[in-house]
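To start, the structure under review is shown below, and the notes come after it.
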Amino acid sequence: MRIGLAVYGIASVAAGILDLLWGEFEPAHQPLQAWGDHIPGVTVFAYIAAIWLIVGGAAILWRRSLRFGAAALTILYGIFVMFPLPRLFTAPHFLGYRTAVYIGVVANVCEQVVLFVAAVVVWGSLAAQSSMSQRATLAARWAFGFCSLAFGLGHLTNIETVVPMVPKWMPLGGVFWAALTGIAFALAGLAIISGVLAILAARLLGAMLLVFSALALAPLVFAAPRNHVSWGANAYNLTAVGAAWVIAEWLADRQQLVQHQQGAKLAKPSLA
């Protein structure tokens with residue numbers, strides 16, 4: 001998990017630093033405002049969460065503090081998952097009771113779920129002497145895969161919101177790339193859920209997100225350098241890259257463990 005953990009931890013630290021500099025939650029990917037415009041103590045909460053992100057992200061980079069960092073990020077990203085939940089009720093009221101609206105909100109929630117699942121996987125793998133239980137493993141894999149599928153459906157049902165993010169110099173047009181990435185998200189999600197080529201799917205998912213950062217998100221920093229969302233989108237997406245690679249390496253470790261256990265059973269001499 002070392003490469004994935006490094007990206008995941010460093011990007012979490014970056015997100016915390018950005019929140020600290022702006023003194024607020026990043027509105028696009030930490031949408032606490034979904035609960036209301038006048039939340040008491042929101043600025044103090046933002047500073048606490050920012051420091052928490054920095055400490056947890058830094059701790060996950062070192063073996064001795066890895067367990068502490070994973071636990072800290074599990075708690076914080078678990079809290080972040082709750083930020084956009086009110087939109088499940090408010091968004092359809094304002095935007096219409098349409099399937100695309102619900103899918104968009106679910107994808108919004110999933111943005112934090114993927115980070116939460118990655119932290120749970122790291123913490124769960126270290127919390128006990130043995131690896132995670134089969135049920136916990138299945139739940140983590142399904143949750144991560146479902147979110148990738150939700151991202152894909154979000155692209156395909158809201159293509160008009162994705163197309164502007166595609167650089168104009170890319171051939172074949174924005175609709176093509178929006179649809180292609182949507183299909184790729186969906187296929188990766190189905191692979192991870194089913195367990196068929198799940199490791200490859202998670203690795204390629206991280207690679208696709210990394211390309212997306214380079215081509216679509218990095219230019220936002222130069223276009224709007226004083227905008228928190230421009231920087232925060234890059235920090236979030238890189239954290240998601242790390243999360244995908246953490247999941248990939250975790251699945252690979254699980255596969256090796258199962259193969260080792262099966263080999264041990266075959267090699268065990270039978271009793272006469």
Side-chain angles (χ1 to χ4, degrees), residues 5-62 65-66 68-91 94 104-105 107-120 122-123 147 161 164-165 209-210 212-214 216-243:
L5 275 177
V7 177
Y8 183 74
I10 292 171
S12 293
V13 170
I17 292 174
L18 293 172
D19 287 352
L20 201 62
L21 290 174
W22 264 270
E24 64 176 9
F25 289 107
E26 197 261 279
H29 300 93
Q30 300 164 353
L32 184 59
Q33 71 273 12
W35 289 87
D37 295 329
H38 304 287
I39 301 174
V42 64
T43 301
V44 174
F45 184 23
Y47 279 118
I48 293 173
I51 295 171
W52 199 328
L53 272 173
I54 294 169
V55 172
I60 213 170
L61 298 174
W62 282 273
S65 56
L66 176 56
F68 166 78
L73 292 181
T74 295
I75 295 170
L76 187 59
Y77 284 133
I79 295 173
F80 284 174
V81 168
M82 296 186 289
F83 281 14
L85 290 181
R87 291 178 174 171
L88 288 169
F89 305 96
T90 58
F94 290 103
V105 177
N108 192 210
V109 174
C110 278
E111 288 178 349
Q112 295 301 326
V113 171
V114 295
L115 307 187
F116 170 70
V117 171
V120 168
V122 177
W123 180 76
C147 285
T161 65
M165 303 180 70
L209 289 170
L210 186 60
F212 185 70
S213 285
L217 297 180
L220 296 179
V221 174
F222 300 97
R226 297 185 180 182
N227 190 324
H228 188 184
V229 174
S230 297
W231 291 88
N234 280 276
Y236 166 79
N237 205 64
L238 289 175
T239 313
V241 170

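In what follows, every heavy atom counts, from backbone to side chain, and hydrogens, waters and symmetry copies are set aside. Residue numbers start at 1 and run along the sequence shown. Every value quoted in this text rests on a predicted model; they were computed, and no experiment measured them.
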- Message: Nearest 0.5 Å, please: how far is CG in L53 from CD1 in I48?
- Response: 12.5 Å
- Point-to-point distance, once rounded to the nearest 0.5 Å, from CZ of F83 to CD of E26: 11.5 Å
- Closest approach of L238 to S213 (non-hydrogen atoms, all atoms of both residues): CD2-OG, 4.0 Å
- Task: Provide the closest heavy-atom pair for A119 versus L73 in the form atom of the first, atom of the second, distance.
- Result: CB-C, 3.9 Å
- Item | Side-chain heavy atoms of L66 within contact of L5, under 4.5 Å | yes
- Message: For the NE2 atom of H228 and the CG atom of L21, what is their distance to the nearest 0.5 Å?
- Response: 8.0 Å
- Measuring from W22:CH2 to N227:CG, what's the distance to the nearest 0.5 Å? 7.5 Å
- Query: Just by distance, do the side chain of W231 and the backbone of P225 share a donor-acceptor pair under 3.5 Å?
  - Reply: yes
- Query: Taking only residues two or more places apart in sequence or in another chain, which ones pass side-chain contact (heavy atoms from CB on, under 4.5 Å) with A218?
  - Reply: N234
- All heavy atoms of P27 vs all of V229, minimum pair found to be CD-CG2, 3.9 Å
- Please identify each residue that fulfils side-chain contact (heavy atoms from CB on, under 4.5 Å) with A59, with sequence neighbours left out. S65, F68
- Mind checking what makes side-chain contact (heavy atoms from CB on, under 4.5 Å) contact with A34, not counting sequence neighbours? P86, R87
- Message: Between V105 and P84, is there a side-chain heavy-atom distance shorter than 4.5 Å?
- Response: no
- Query: Are any of the side-chain heavy atoms of L210 and N237 separated by less than 4.5 Å?
  - Reply: no
- Item | Residue pairs, two or more places apart or on separate chains, that pass side-chain hydrogen bond (donor to acceptor under 3.5 Å, both in side chains) and touch residues 70-81 | S12-Y77
- Enter the distance from L217:CG to M165:CE here, rounded to the nearest 0.5 Å. 5.0 Å
- Note on the structure: Heavy-atom closest pair (A235 atom, A11 atom, distance to 0.1 Å) is O-CB, 3.6 Å
- Message: As a quick check of understanding, evaluate side chain to side chain contact (heavy atoms under 4.5 Å, CB included) for I60 and Y8, giving each step before the final call.
- Response: CA-CA 9 Å; I60 213 170; Y8 183 74; 3.9 Å; yes
- Message: As an exercise, state the distance from OG1 of T239 to CD1 of I10, rounded to the nearest 0.5 Å.
- Response: 10.5 Å
- Query: Does Q30 have any side-chain hydrogen bond (donor to acceptor under 3.5 Å, both in side chains) partners at least two apart in sequence or in another chain, and if so, which?
  - Reply: D19
- Query: With a 4.5 Å heavy-atom cut-off, do W52 and I75 have their side chains touching?
  - Reply: yes
- Query: Between G23 and T43, what is the shortest heavy-atom contact and its length?
  - Reply: O-CG2, 3.8 Å
- Nearest atoms (heavy-atom pairs only) where C147 meets V114: CB-CG1, 3.5 Å
- Item | Sequence neighbours excluded - ring-ring contact (aromatic ring centres under 6.0 Å, His included) pairs with any residue from residues 28-48 | F25-F45, H29-Y236
- Residues in side-chain contact (heavy atoms from CB on, under 4.5 Å) with V13, at least two apart? I17, I54, A58
